Structures are given as C-alpha cells and as structure tokens.
Amino acid sequence: MSNRTFVAVPGATIVLLCSLVAGCGTNGGGGSAASPSAAIQPVSCVINADYVIDRNDKRRVAGYAKGIFVGRVAMKVREVTDGASSKTIFRFDVLRTMKGEVDRSVEIDQAGTSACPQVDEKLLEVGRYYVLAIGAGTPPLGLVQSYPVSQAAAQAAERDLSKADGAIQEVAEAIANPIPFP
C-alpha cells in the first residue's frame with residue numbers, strides 16, 4: 001500500500017502526493033497519478049487560507065468587512081468539498097447588526113470542514129455566540145473573522161450596544177475608527 005496525502009488550498013487545485021511503492025503512479029496500484037480512482041483515500045488534509053488583510057487587527061477587519069454582527073450559531077447546514085476548496089456552512093440568528101445590512105437569519109461559510117480544517121482556526125460551534133465580520137456577495141456569505149463572546153455579552157449587545165463589553169466593545173471601537181481597505 002502506498003502513502004497518499006491530499007493537501008487542499010483554497011483557489012488552487014488539489015495536489016496528489018504519492019510515493020512510488022505498491023504501484024502508486026502506475027495502473028496497478030488503485031489508479032494512476034494521472035487518473036486517481038476511488039480507491040485513493042485521503043490521509044490528511046489541511047487548508048491554509050491566505051487573506052488580503054491582517055485578521056488579527058480589528059480596525060483592518062472593520063475596514064474590509066461589508067457586514068459585522070453579533071449572533072448565535074443556530075445550526076451547521078452542511079460541509080462542502082468541491083475541487084480544491086472545503087467549507088462549512090452555518091446558519092446564524094442575528095441579534096445585533098453593527099455594520100452594513102444583515103438579515104435576522106443568515107448563512108455564513110467558513111473555510112474548512114471537520115475532516116479538513118483550516119490551519120490555526122477552529123470551526124464555529126453550534127449554540128455559541130460570536131461577533132462576525134462577513135464579506136459581500138450572495139449567501140452563504142464568506143466569513144472574514146469571528147470573535148467568540150459570552151451569551152450574556154451577546155444579549156446585552158442586543159438590548160443596548162453601548163452596554164456591551166469585551167470583544168463586542170473592541171469591534172464597535174474598530175468600526176468607529178476603521179483602517180480602510182484600498
């Protein structure tokens with residue numbers, strides 16, 4: 001049996017790496033490198049996404065995002081792997097829109113799946129509350145950045161944004177003083 005690994009990178013093609021043992025790369029080992037068959041099983045998968053902004057800088061995130069809101073993950077809709085991209089689509093209940101126009105219920109896609117995670121980023125969790133920055137487009141909307149918040153902080157922001165604290169207050173300050181995206 002040969003050692004086979006898939007490496008998925010958004011916007012690129014899937015690269016198949018295999019060692020030339022037990023027929024990998026020939027017609028005798030479950031498929032060729034030119035036309036892999038269903039017998040090839042992924043050993044590991046990692047998504048290493050590149051971003052046009054520093055996602056750790058809330059002011060840059062605020063300047064880039066088309067919408068920012070406080071919400072709760074209502075459900076994981078599905079995981080999608082098509083070609084070189086893998087993503088998980090979540091439905092959110094929106095408690096408070098902080099920037100842009102966001103419907104009361106919205107679908108967001110996050111790079112990575114449970115089987116193929118994005119490097120250095122955990123998947124969103126059903127039932128948890130977040131401040132989310134999203135991109136433009138048609139649903140599902142792309143996730144730019146997420147900041148976990150407590151249920152109490154999210155509910156306080158729903159009632160009165162000025163009473164919110166922690167990440168919600170930091171993002172509100174960043175929205176007031178964004179670094180515009182060129």
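Model, not experiment: these values are computed from the prediction.
Ser86 and Thr113 make their closest contact through CB-CG2, 3.9 Å (heavy atoms, listed as atom of the first residue, atom of the second, distance). The shortest non-hydrogen separation linking Ala74 to Val126 is O-CG1, 3.7 Å. Of all heavy-atom pairs spanning Gln145 and Val61, the tightest one is CB-CG1, 4.1 Å. Residue Pro148 comes nearest to Ala167 through the heavy atom pair O-CB, 4.4 Å, listed as atom of the first residue, atom of the second, then distance. In terms of heavy atoms, Tyr147 sits closest to Arg55 at OH-O, 4.0 Å. Across every non-hydrogen atom of Ser150 and Tyr129, the tightest pair is O-CB, 4.2 Å.
Taking a cutoff of 4.0 Å between a charged side-chain nitrogen and a carboxylate oxygen, Asp93 and Arg72 qualify as a salt bridge. A salt bridge does not link Glu125 with Lys76: none of the charged nitrogens is closer than 4.0 Å to a carboxylate oxygen.
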What's the verdict on side chain to side chain contact (heavy atoms under 4.5 Å, CB included) for Val144 and Lys66, showing C-alpha distance, side-chain angles and the deciding distance? CA-CA 9 Å; Val144 174; Lys66 301 304 178 206; over 6 Å; no
Decide side-chain hydrogen bond (donor to acceptor under 3.5 Å, both in side chains) for Gln110 and Glu121; before the verdict, give the C-alpha distance in whole Å, the side-chain angles of both, and the deciding distance to 0.1 Å. CA-CA 10 Å; Gln110 179 183 20; Glu121 185 169 315; 2.9 Å; yes
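Atom NZ of Lys99 has more than 12 neighbouring heavy atoms from other residues, nucleotides or ligands inside a 6.0 Å radius. For CZ of Arg96, the number of neighbouring non-hydrogen atoms (other residues, nucleotides, ligands) closer than 6.0 Å is greater than 12.
By the 4.5 Å heavy-atom criterion applied to side chains, Arg91 and Val106 are not counted as neighbours.
Paired with Pro140 under the rule side chain to side chain contact (heavy atoms under 4.5 Å, CB included), one option of Asp109, Thr88, Ile108 passes, and it is Asp109. In summary, of the residues considered (Thr97, Val70, Ile68), a side chain to side chain contact (heavy atoms under 4.5 Å, CB included) with Val102 occurs for Thr97 alone.
For the atom pair OG of Ser146 and CD1 of Ile134, the computed distance is 12.5 Å after rounding to the nearest 0.5 Å. Atoms CG and CG, from Leu141 and Leu132 in turn, are 10.5 Å apart once rounded to the nearest 0.5 Å. We find the CD-CZ distance between Glu79 and Phe90 to be 7.5 Å, quoted to the nearest 0.5 Å.
Without hydrogens or angle criteria, Arg104 side chain to Val94 main chain gives a donor-acceptor distance under 3.5 Å. Side-chain atoms of Arg159 come within 3.5 Å of backbone atoms of Gln155 as a donor-acceptor pair (strictly under, hydrogens ignored).
Aromatic pair Phe69/Phe92: centroids less than 6.0 angstrom apart.
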All N/O donor-acceptor pairs, side-chain side in residues 170-177, below 3.5 Å, sequence neighbours left out:
unit_1, atom_1, unit_2, atom_2, d
Glu170, OE1, Lys58, NZ, 3.2
Asn177, ND2, Glu173, O, 3.4

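Under 3.5 Å, the side chains of Ser105 and Asp103 contain no donor-acceptor pair of N or O atoms.
Val77 and Val80 fall within the same hydrophobic cluster, where Ile, Leu, Val, Met, Phe, Trp and Tyr residues are linked whenever their side-chain heavy atoms come under 4.5 Å apart, directly or through other members. In the hydrophobic clustering of ILVMFWY residues, with side-chain heavy atoms under 4.5 Å counting as a link, Ile89 and Leu123 come out apart.
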